[in-house]
Structure formats: structure tokens, C-alpha cells
2 protein chains.
Amino acid sequence: MAEDVFKALADPTRRRILDELVERDGQTLFEICTRLVTKHGLGLSRQAISQHLAVLEAAGLVVTRRQGRYKFHDVNTEPLERIVTRWLRPDPPEKTS
Amino acid sequence: MAEDVFKALADPTRRRILDELVERDGQTLFEICTRLVTKHGLGLSRQAISQHLAVLEAAGLVVTRRQGRYKFHDVNTEPLERIVTRWLRPDPPEKTS
DNA sequence: ACGATAGGCAAGCAGTCACTTGCCTATCAA
DNA sequence: TTGATAGGCAAGTGACTGCTTGCCTATCGT
């Protein structure tokens with residue numbers, strides 16, 4: 001639901017994670033951790049990122065696929081498209097949700 | 001700042017207020033209060049709404065104009081248009097992974 | 001089998017947030 | 001001026017949130 005999407009976007013770290021995944025889709029938890037540290041200078045524990053990813057996944061902004069011991073994370077921009085048309089009267093044609 | 005916009009949108013009551021103002025622009029604080037109670041069934045004090053409006057105004061989502069003892073609130077959708085283009089590339093909804 | 005890697009679960013802590021309460025200022029009408 | 005209306009300021013409180021810490025499970029390579 002929309003509530004989860006807005007709450008997921010409320011945190012700057014989660015927005016960074018979305019940035020990272022948009023730039024490079026299908027990363028694992030550890031990849032995201034190291035890239036957030038090296039590129040964005042964020043010093044966060046693995047669990048912190050894991051919890052953020054859980055929030056993003058609950059919002060539908062990130063979908064995951066397991067493969068062996070790896071869990072890959074992909075962005076899903078579909079929830080974003082819906083929430084903004086709430087106040088922005090859209091001119092463009094839509095695929096309705 | 002984008003931070004303020006996301007934080008402003010994080011609260012369901014503030015989103016309701018935006019709904020109200022989109023539907024009927026230029027309302028005063030008391031008008032918003034009564035309409036939130038009657039139409040949406042929200043039981044909130046005047047100060048609660050006032051504080052929400054302050055957050056929305058700080059985010060640039062609401063602009064105010066004083067006139068005598070009245071203070072009218074108008075929506076400004078411009079900040080909304082910017083924040084979503086952060087992840088929604090205007091061209092492709094899909095990326096050939 | 002073993003150790004190493006990738007990830008998950010849960011309790012605890014500190015900071016933030018939404019909301020209330022109480023009091024104050026400013027404008028208008030009589 | 002007096003009283004009523006429209007709004008603002010500030011402190012206090014309860015709940016939520018982001019993060020850490022510690023321990024646990026599952027998969028891979030050797």
C-alpha cells in the first residue's frame with residue numbers, strides 16, 4: 001500500500017540504496033554495503049542495510065530473488081509511478097495499477 | 001530540500017491535507033480542520049493540523065498568504081515533480097537488465 | 001567433515017515525531 | 001473598549017524508528 005511506499009522513501013539511507021540499485025541492479029546485501037561505504041561514505045552495519053532493504057521490499061520498491069546463498073535485489077519503480085499521480089494530475093496515458 | 005519533501009509526505013495526515021487542498025485550494029487552518037473531521041473522520045486538534053501545515057510549508061508543498069486575520073494555504077506541486085524523476089527515468093520504464 | 005561466506009532473528013538503546021495542553025498575540029465586529 | 005475569532009509558541013509525553021550487538025541458519029569450497 002501507499003503508506004509503506006512513503007515511509008520507505010522517508011529515510012535518506014533508503015533513498016541512497018535506491019540510487020545504488022537504480023545505477024546497478026541486482027546487487028547482493030554485501031555488495032550494497034561495501035558500495036554505500038566506499039562511494040557514499042556511509043558507515044553502517046550490515047544489519048542496518050538489511051533492515052532498510054526489508055522496508056524497501058515491504059513497500060514493493062525492491063524485489064528479491066534467491067540463488068543459492070545469494071539474494072539479489074532489484075528495484076521496482078512501479079509503486080513510485082502510482083503515488084505521485086495522487087496529486088499531480090497526469091497528462092500522460094497510464095498503465096493502470 | 002528533497003529531504004523535507006519526503007519527510008513531509010511520510011505522514012498520512014499530511015497526505016490527507018494535501019488531498020484536501022488539491023480538491024479545494026486556498027483554505028484556512030480552521031477550514032482544513034473542520035473538513036478533515038467531517039469528511040475524513042480525523043479527530044485532531046487545531047495545533048496538530050497547524051504543525052502539519054508548517055511541515056508542508058517547510059517542504060515547499062504548501063504556500064501561504066495572509067489576509068487580515070486569515071491565512072490561506074495553497075498547494076504547490078512543483079517539489080513533487082522533481083523528487084520522482086530521481087528514480088523514474090522519463091524514457092524507459094523497463095531496462096533490459 | 002570443516003571453515004568461510006551470505007544472510008536472518010531478536011532484544012535493547014537513543015533519537016525523533018506526532019499530538020496534546022496551556023497560554024499568548026492579532027484582527028474584526030458590536 | 002469588549003468579546004469573539006483566527007492563529008502562534010512552547011513544553012511535555014507516548015510511540016515509533018534507525019541502529020547496534022549477539023547469536024543463529026544455510027550454502028559453498030576444499
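A, B, ... follow the sequence lines: proteins, then strands. Residue 1 opens every chain.
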Would you jot down, in residue-number order, the residues of residues 43-59 of chain A having a non-hydrogen atom under 4.0 Å from DNA chain D? Gly43(A), Leu44(A), Ser45(A), Gln47(A), Ala48(A), Gln51(A), His52(A)
Under a 4.0 Å heavy-atom cutoff, the residues of residues 4-31 of chain B touching DNA chain D are Thr28(B), Leu29(B), Phe30(B)
From Arg69(B) CZ over to Thr28(B) OG1, what is the distance, rounded to the nearest 0.5 angstrom? 11.0 Å
Can you tell me how far the CG atom of Leu18(A) sits from the OG1 atom of Thr13(A), to the nearest 0.5 Å? 11.5 Å
Span of DNA chain D engaged by chain A, first through last nucleotide within the 4.0 Å heavy-atom cut-off, is dT17(D) to dC28(D)
Pair up each side-chain donor or acceptor in residues 45-61 of chain A with any protein partner under 3.5 Å, not counting sequence neighbours, and list the distances.
from, atom 1, to, atom 2, distance (Å)
Ser45(A), OG, Ala48(A), N, 3.2
His52(A), ND1, Arg14(A), NH1, 3.1
Glu57(A), OE2, Thr64(A), OG1, 2.8

Are Asp19(A) and Trp87(B) side-chain neighbours, meaning at least one heavy-atom pair lies under 4.5 Å? yes
Rounding to 10°, can you tell me the angle the first-five-pair axis of the helix from dA1(C)-dT30(D) to dA30(C)-dT1(D) makes with its last-five-pair axis? 30°
Has Arg65(B) got a side-chain atom pairing as donor or acceptor with Lys71(B)'s backbone, closer than 3.5 angstrom? no
Please give me the minimum heavy-atom distance between Pro79(A) and Val5(A), naming the atom from each residue. CB-CG2, 3.9 Å
Measure across His73(A) and Asp25(A) and return the closest heavy-atom pair with its distance rounded to 0.1 Å. O-OD1, 3.8 Å
Linking I/L/V/M/F/W/Y whenever any side-chain heavy atoms sit under 4.5 Å apart, do [X] and [Y] land together?
| X | Y | answer |
| --- | --- | --- |
| Phe72(B) | Leu29(B) | no |
| Val63(A) | Leu9(A) | no |
| Leu21(B) | Tyr70(B) | no |

Contacts under 3.5 angstrom, residues 33-43 of chain A side chains, donor-acceptor by atom type, not counting sequence neighbours:
from, atom 1, to, atom 2, distance (Å)
Thr34(A), OG1, Phe30(A), O, 3.1
Thr34(A), OG1, Glu31(A), O, 2.9
Arg35(A), NE, Glu20(A), OE1, 3.4
Thr38(A), OG1, Thr34(A), O, 3.0
Thr38(A), OG1, Arg35(A), O, 3.4
Lys39(A), NZ, Glu20(A), OE2, 3.0
Lys39(A), NZ, Glu23(A), OE1, 3.3
Lys39(A), NZ, Glu23(A), OE2, 2.9
His40(A), ND1, Arg16(A), NH1, 3.0

